[in-house]
Amino acid sequence: MIQTVVKRDGRIVGFNEQKIMAAIRKAMLHTDQGDDEALIQQITDNISVNGDPQMSVEAIQDSVEMELMKSARKDVAQKYIAYRNQRSIARKAKTRDLFLEIINIKNNDVTRENANMNADTPAGMMMKFASESTKPFVDDYLLSEESREAVKHNYLHVHDKDYYPTKSLTCVQHPLDNILNNGFYAGHGSSRAAKRIETASVLACISMETAQNEMHGGQAIPAFDFYLAPFVRSSFIEEVKNLEMLSGKDLKHLYDVPLKDYENKPLENLQGEERMLQHAVNRTVARVHQAMEAFIHNMNTIHSRGGNQVVFSSINYGTDTSAEGRCIMREILKSTYEGVGNGETAIFPIQIWKKKRGVNYLPEDPNYDLYQLACKVTARRFFPNFLNLDATYNQDDEWRADDPKRYIHEVATMGCRTRVFENRFGPKTSIGRGNISFTTINIVRLAIECMGIENKEQRIDSFFARLDRMLDIAAAQLNDRFNFQKTALAKQFPLVMHSLWIGSEKLKPNDTIESVINQGTLGIGFIGLAECLVALIGKHHGESEEAQQLGLRIISYMRQRINEFSEKYQHNYSVLATPAEGLSGKFTKVDRRDFGKIPGVTDRDYYTNSNHVPVYYKCTARHKAEVEAPYHALTGGGHIFYVEIDGDATHNPDVIMNIVDMMDTYNMGYGSVNHNRNRCMDCGYENADPQMHQCPKCGSKNIDRLQRITGYLVGTTDRWNHGKLSELNDRVTHVDSGNQLSLFDRL
């Protein structure tokens, strides 16, 4: 007797004879003789009683065919067989149509899911074939039934679902000193330790490229200045030794000579040893500049992930006050300002200036001149972004200004916004740690489902009840994924689980990664706070103080529950202000289909990114800061503050400084500035003229606007999906770069 049924997706469910009866009845209704209830019951009883205790759907359907063929109603058997074939073809057709769209390089939300991946190349197409084939496997075999239903009904989004079966982790902040001082083995050969700045620059690139192929998220260097600084001095010593060979003099006393800075100065009017010293400095600066140029060039040309995508790379710097560290920063900023190739803006790495009082923020600070340079570079090239180490939640009591390794106690971020700092299971640091995986909740849908409740308090209470349940499901799903990921062997990630992830140096190749994986974070994200608030009370947080208080209550509640999950599951759970790219349109499309166009909620092609004020809402930069700032303290998994400015910011870096002042004043953690930048797609020429329709250099009319999408730059909007293109078209400016913001007092 049949007791359980194995469905096509692998799930095991209880046997329900009504499904057999309904299928036979449906086939009978398509014949001239109509249905026969007695025969339906007879066939169902025969199959139920004579079947195995557990049978597959296909085996049961085969039995139905045999019983119908043995009966007098062979006409029904023919209809039933035809229906089965049609269903089989329909299931295959869905996959076929999807694959044909990839083959024919159709511009849709599947092929444009990731704007920095060229899905039109053979390698890119292969990635999409693999991605779209893998996701159903995850749904069918790796998600719990509760999680699967939440995903199916548009409540949850499991990020990087296609990488789920690989057991890979999301991202990591590279302890680059491990690589530079010890070399590394990445599975197909080893690399020696670095001795000079050129080698150090190359190894930094290789480290991120290699790790990118072992992970599904971004790669970052948390202290680019500190890590590379020693190789400035070693390169300087090489130059002094070259002078020794040339002059025949003993100059060993210059090897460790104190230098206030590495500045390129003319040799005229210099004599003797002073001239030699300056020559060595000049040569060192030139080498550092070339090494930084090479680093940027490599990060924009070295491909990973099957050769279709450059590394999602980020570098953090700003707080090394040594002459060597300052040299690294100055030359990376100069190289960035100059551009790559034909002078175009480098897309990667995302550069992050770590702003700190007493180090680089105030005029009397030792690195203030470099901060000014950073603002000048941002005004032209979008990067660096700004990370506020002075924010209350970004500080560490163990940080000391005289500690040569103080960077260990400084938070670093992944370019798009990912933040890892607090740690229940090890040191409070960003280094050697990263996000393990994350999942996003569609809080807009939860709010829409409560809109029919007339009483406001009951409506809001109902929303929180729904949010509570979805948080439980998301936390359990992430715990399930963690338990799957932790079974991976260290040898599956030869670089990450040997030289990068904190504690991994203790692992042997056949050890599982279970003992070290918990150093990372599990993120529960959210999207569309603005639309959620409109659905609940009619206004978003940018236009209503009541909405702002409700928004803070919602995210505070998420933070509270996530602290509970950290205790319950013993993981580093965090709240993430989700950097939604493909997701911003995906959630909206389904919700609009199910609920129709709701003004201020589903009437656009996207949901607003995380807790941001909607891009179409016209307000001042100050107001935007006042609204968004409180959410930064609640979203320990990552956040970002954007300001859109108008016109050419190139000659007005004070605007950038004023926005950093806002971050300082309002206790924001991470921020960035967007502005105009046109790019000729034929020759690479760039300018900030909003009316540039033809390239003044080559005459081409193939002009695109360089834009930022969820934290990183994209060289062409041709690869943007529909939802993000709609968002781009709706963006309004928050300040005119021709009119400076009033400076905040730097107290």
Side-chain angles (χ1 to χ4, degrees), residues 154-155 440-468 470 525-559 575 577-578 580 583-585 587-589 591-592 594-635 639-644 662 666 668 723 726-727 729-735:
N154 213 41
Y155 295 108
T440 291
I441 298 175
N442 182 0
I443 61 174
V444 186
R445 187 178 183 91
L446 301 179
I448 292 173
E449 291 179 340
C450 302
M451 289 180 70
I453 302 174
E454 291 189 13
N455 182 279
K456 184 196 296 184
E457 290 186 9
Q458 292 178 0
R459 186 188 319 132
I460 293 172
D461 288 345
S462 178
F463 167 80
F464 273 95
R466 292 169 186 271
L467 175 62
D468 202 46
M470 206 49 57
F526 63 94
I527 187 174
L529 179 64
E531 289 79 10
C532 169
L533 294 170
V534 172
L536 289 175
I537 62 173
K539 291 186 177 181
H540 60 71
H541 52 324
E543 59 186 347
S544 161
E545 179 58 27
E546 180 189 10
Q548 169 73 336
Q549 293 307 311
L550 179 56
L552 290 171
R553 179 182 163 193
I554 290 169
I555 307 307
S556 296
Y557 184 73
M558 290 185 67
R559 176 69 176 266
V575 183
T578 296
L583 181 58
S584 65
F587 271 164
T588 314
K589 183 178 180 180
D591 288 349
R592 184 189 295 164
D594 293 347
F595 302 107
K597 282 191 176 184
I598 304 171
V601 183
T602 61
D603 55 346
R604 286 180 166 85
D605 293 330
Y606 58 90
Y607 285 152
T608 298
N609 208 322
S610 61
N611 53 252
H612 294 178
V613 171
V615 297
Y616 52 82
Y617 183 67
K618 188 68 175 178
C619 64
T620 65
R622 183 195 294 262
H623 179 68
K624 191 173 191 290
E626 290 171 341
V627 173
E628 294 185 13
Y631 296 94
H632 284 211
L634 299 172
T635 49
H639 44 248
I640 196 167
F641 169 67
Y642 287 124
V643 173
E644 298 278 340
M662 279 189 187
Y666 292 113
M668 284 187 282
S726 297
E727 184 216 81
N729 293 330
D730 286 349
R731 291 180 186 177
V732 297
T733 58
H734 304 111
V735 59

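With respect to Arg592 and Asp605, a salt bridge is recorded, a charged nitrogen being found less than 4.0 Å from a carboxylate O. One finds no salt bridge joining Lys597 and Asp603 here, because no Lys/Arg side-chain nitrogen approaches an Asp/Glu carboxylate oxygen to under 4.0 Å.
Residues Cys532 and Phe463 are in side-chain contact: their nearest non-hydrogen atoms beyond the backbone lie under 4.5 Å apart. No side-chain heavy atom of Tyr666 sits less than 4.5 Å from a side-chain heavy atom of His632. Ile448 has its side chain within reach of Val601: a pair of non-hydrogen atoms, C-beta onward, lies under 4.5 Å apart. Between Tyr642 and Asn609, every side-chain heavy-atom pair lies at or beyond the 4.5 Å cut-off. A 4.5 Å side-chain heavy-atom check between Leu550 and Ile554 finds at least one atom pair inside the cut-off. Side-chain contact between Arg553 and Phe464 is present, with heavy atoms from C-beta onward closer than 4.5 Å. At least one side-chain heavy atom of Ile537 sits under 4.5 Å from a side-chain heavy atom of Ile460.
Residue pairs meeting the side-chain hydrogen bond (donor to acceptor under 3.5 Å, both in side chains) criterion with at least one member in residues 453-462, sequence neighbours excluded, are Lys456-Glu546. Sequence neighbours left out, the pairs with a member in residues 525-542 that pass side-chain hydrogen bond (donor to acceptor under 3.5 Å, both in side chains) are Glu531-Thr608.
In this structure, the side chain of Lys624 does not engage the main chain of His612 through any donor-acceptor pair within 3.5 Å. Formation of a donor-acceptor pair under 3.5 Å by the Thr578 side chain with backbone atoms of Phe526 is found in this model. Within the 3.5 Å criterion, the main-chain N or O of Asn611 finds no donor-acceptor partner in the side chain of Glu628. Between the His639 side chain and the Thr635 main chain, a donor and an acceptor come within less than 3.5 Å of each other. The backbone N or O of Gly596 sits less than 3.5 Å from a side-chain atom of Thr602, completing a donor-acceptor pair. Formation of a donor-acceptor pair under 3.5 Å by the Gln548 side chain with backbone atoms of Val627 is found in this model.
Annotation: cation-pi geometry not satisfied between Arg445 and Phe587 (NZ/CZ under 6.0 angstrom from ring centroid, within 45° of ring axis).
Taking each heavy atom of Gly528 and Val444 in turn, the nearest pair found is O-CG2, 3.3 Å.
Tyr155 is linked by a ring-ring contact (aromatic ring centres under 6.0 Å, His included) to nothing, counting only residues two or more places apart in sequence or in another chain.
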